[in-house]
2 protein chains.
Amino acid sequence: MKAALKLFTEMGFHGTSTAQISKEAGVATGTLFNYFPTKEDLINGLYFDVKGQLSRSMGREIQAQSTFQDKLRKMWYNLIEWGLDNQNDFLFVGQFCSSPYITNYTREEVMKEYVFLHDLVKEGIANGEIRDYSEELTIAMFYQASRTVVNFILDSEPQDKNKVIEDGFQIVWEGLAKK
Amino acid sequence: MKAALKLFTEMGFHGTSTAQISKEAGVATGTLFNYFPTKEDLINGLYFDVKGQLSRSMGREIQAQSTFQDKLRKMWYNLIEWGLDNQNDFLFVGQFCSSPYITNYTREEVMKEYVFLHDLVKEGIANGEIRDYSEELTIAMFYQASRTVVNFILDSEPQDKNKVIEDGFQIVWEGLAKK
DNA sequence: CGCATAAATGACTAATTAGTCAATCTCAGA
DNA sequence: TCTGAGATTGACTAATTAGTCATTTATGCG
């Protein structure tokens with residue numbers, strides 16, 4: 001799975017042959033198909049795993065934060081830290097989140113892990129912490145903004161990463177918060 | 001090119017065979033290779049074309065706007081309108097902007113068309129209209145936010161698109177503007 | 001040790017791939 | 001109507017593809 005992840009992000013799903021994957025993994029092609037009946041099963045397993053890790057990283061220590069802003073900031077930092085520490089996983093999710101090879105079943109299973117994010121946003125709107133935009137739009141803007149920051153850091157390699165991360169949060173917070 | 005664009009967005013670069021492209025286009029495979037010596041030439045030509053169209057759409061009527069906020073809002077609407085009206089092009093740019101098949105030459109040629117966006121942001125910072133974040137970060141956040149809104153509209157099909165677009169702009173504007 | 005089950009192997013196949021090229025067709029101008 | 005340069009064609013090739021399976025190797029247990 002690690003080998004496939006690396007190759008998929010470098011050369012895409014169809015661009016990576018099963019022969020390459022097994023070679024990179026140091027096993028025979030037959031072994032690969034022993035564990036994943038088809039190439040699609042492999043990508044779905046990968047997506048499931050990676051999204052699960054992302055979800056778990058994102059929610060880490062959220063409840064320990066006292067204010068709503070701190071909860072959101074903590075989530076922001078979690079998301080970005082995960083992206084920077086797991087670049088292949090980060091790129092993989094970006095490339096394959098809307099890919100036709102991810103089955104609807106996999107997609108739905110993954111969605112179940114993100115309930116707490118919805119709950120947090122709902123709470124923020126209800127308590128008047130953030131503006132009353134559509135919940136889904138708010139989540140999308142927040143999540144994609146964090147991806148933008150990670151991508152920005154990855155391909156512009158700024159001297160002061162931490163400033164970029166905090167600036168990014170300021171932009172998102174000012175954008176969403178009720179004044 | 002239109003045929004290739006459609007197929008590439010549906011099934012990816014490697015997922016689309018030259019046979020499929022020529023069939024979709026209603027020509028023989030030989031004809032395809034008469035115009036594009038290799039498959040890579042085709043994708044680079046496509047990227048160049050589509051990005052050019054995006055750039056031209058984005059800059060439309062900007063100078064006619066009086067205030068800085070109106071200029072930015074106009075650009076926001078231009079970007080989103082282009083994405084909604086040219087879904088294949090929009091998806092193509094998203095999928096292939098960081099693809100290894102786009103040569104650096106193509107990428108650099110495309111960049112040249114975006115100078116005016118840099119200039120606008122510089123102007124906004126200099127005049128104290130928007131906060132003094134890194135110019136590149138500001139542009140990335142603005143551009144990716146517009147993509148988030150288009151994607152959101154495309155796959156959640158809200159009743160009131162215009163509200164989503166304007167809400168999206170409010171989020172970005174509040175995020176970037178100097179209070 | 002011996003045995004049975006499970007895991008790993010890589011040569012193999014049928015299908016598909018990007019790209020070629022000799023033959024055919026098109027059509028403007030004489 | 002005839003000519004010829006350029007456009008179009010699709011059968012073809014050598015390489016590669018996802019996936020198979022008979023055989024070999026590793027492992028756990030008495």
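A note on names: the letters A, B, ... follow the listed sequences, proteins ahead of strands, and every chain is numbered from 1. Scope of the values below: all heavy atoms of this structure, side chains included, with no hydrogens, waters or symmetry mates.
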For this session: Specify the separation, in whole Å, of atom CG of A:Leu7 and atom P of D:dA18.
Result: 12 Å
Exercise. What is the distance, rounded to the nearest whole Å, between atom NZ of B:Lys39 and atom P of C:dG19?
Worked result: 8 Å
Exercise. Hey, quick one: are A:Leu32 and A:Phe48 part of the same hydrophobic cluster, counting side-chain heavy atoms closer than 4.5 Å, chains of contacts allowed?
Worked result: yes
Exercise. Between B:Asp41 (CG) and C:dA18 (P), how many Å, whole number?
Worked result: 14 Å
Problem set entry | A:Asn88 side-chain N/O to A:Thr9 backbone N/O, donor-acceptor pair under 3.5 Å | no
Problem set entry | Aromatic plane relationship, A:Phe96 with A:Phe92 - under 30° parallel, 30 to 60° tilted, over 60° perpendicular | tilted
Exercise. Hey, mind stepping through A:Lys2 and A:Glu24 against salt bridge (Lys or Arg N to Asp or Glu O under 4.0 Å) and telling me if it holds?
Worked result: CA-CA 9 Å; A:Lys2 201 174 154 190; A:Glu24 172 84 23; over 6 Å; no
For this session: May I have the distance from B:Asn34 (atom CG) to C:dA18 (atom P), rounded to whole angstrom?
Result: 18 Å
Exercise. Across the strands shown, which category fits B:Ser22 at heavy-atom distances under 4.0 angstrom: base, sugar-phosphate, nothing?
Worked result: nothing
For this session: Would you please say whether a donor-acceptor pair under 3.5 Å links the side chains of B:Asn151 and B:Thr148?
Result: no
Exercise. Just how far, in rounded Å, is C1' of D:dA7 from CG of B:Leu32?
Worked result: 14 Å
Exercise. Which whole-number value in Å describes the distance from B:His14 NE2 to C:dT16 P?
Worked result: 19 Å
Protein and nucleotides 20-28 of chain C: nitrogen or oxygen contacts under 3.5 angstrom:
none

Polar-atom pairs under 3.5 Å, protein N or O versus N or O of nucleotides 24-27 of chain D: list them with distances, or write none.
none

Exercise. Are any of B:Thr18's side-chain N or O atoms less than 4.0 Å away from OP1 or OP2 of C:dA18?
Worked result: yes
Exercise. Does B:Ile153 offer a backbone N or O that forms a donor-acceptor pair with the side chain of B:Ser156 under 3.5 Å?
Worked result: no
Exercise. If you look at every heavy atom in B:Phe90 and B:Arg147, which pair is closest and at what distance?
Worked result: O-NH2, 3.2 Å
Exercise. For C:dA7, does either OP1 or OP2 sit under 4.0 Å from a side-chain N or O belonging to A:Tyr35?
Worked result: no
List the atom pairs, with distances to 0.1 Å, where a side-chain N or O of residues 113-120 of chain A and a protein N or O form a donor-acceptor pair under 3.5 Å, not counting sequence neighbours.
unit_1   : atom_1 : unit_2   : atom_2 : d
A:Tyr114 : OH     : A:Lys51  : O      : 3.2
A:His118 : ND1    : A:Glu135 : OE2    : 2.7

Exercise. Start at the 5' end of DNA chain D and walk down; is the nucleotide closest to A:Ser17 or to B:Ala28 reached first?
Worked result: B:Ala28
For this session: Whole angstrom is fine here: how far is it from CG in A:Leu42 over to C1' in D:dG19?
Result: 13 Å
Problem set entry | Side chain of A:Gln20 - closest among C:dA7, D:dT17, D:dA7 | D:dT17
For this session: Using atom CZ of A:Phe36 as one end and atom C1' of C:dA7 as the other, report the distance to the nearest whole Å.
Result: 15 Å
Problem set entry | B:Phe13 ring center within less than 6.0 Å of B:Tyr101 ring center | yes
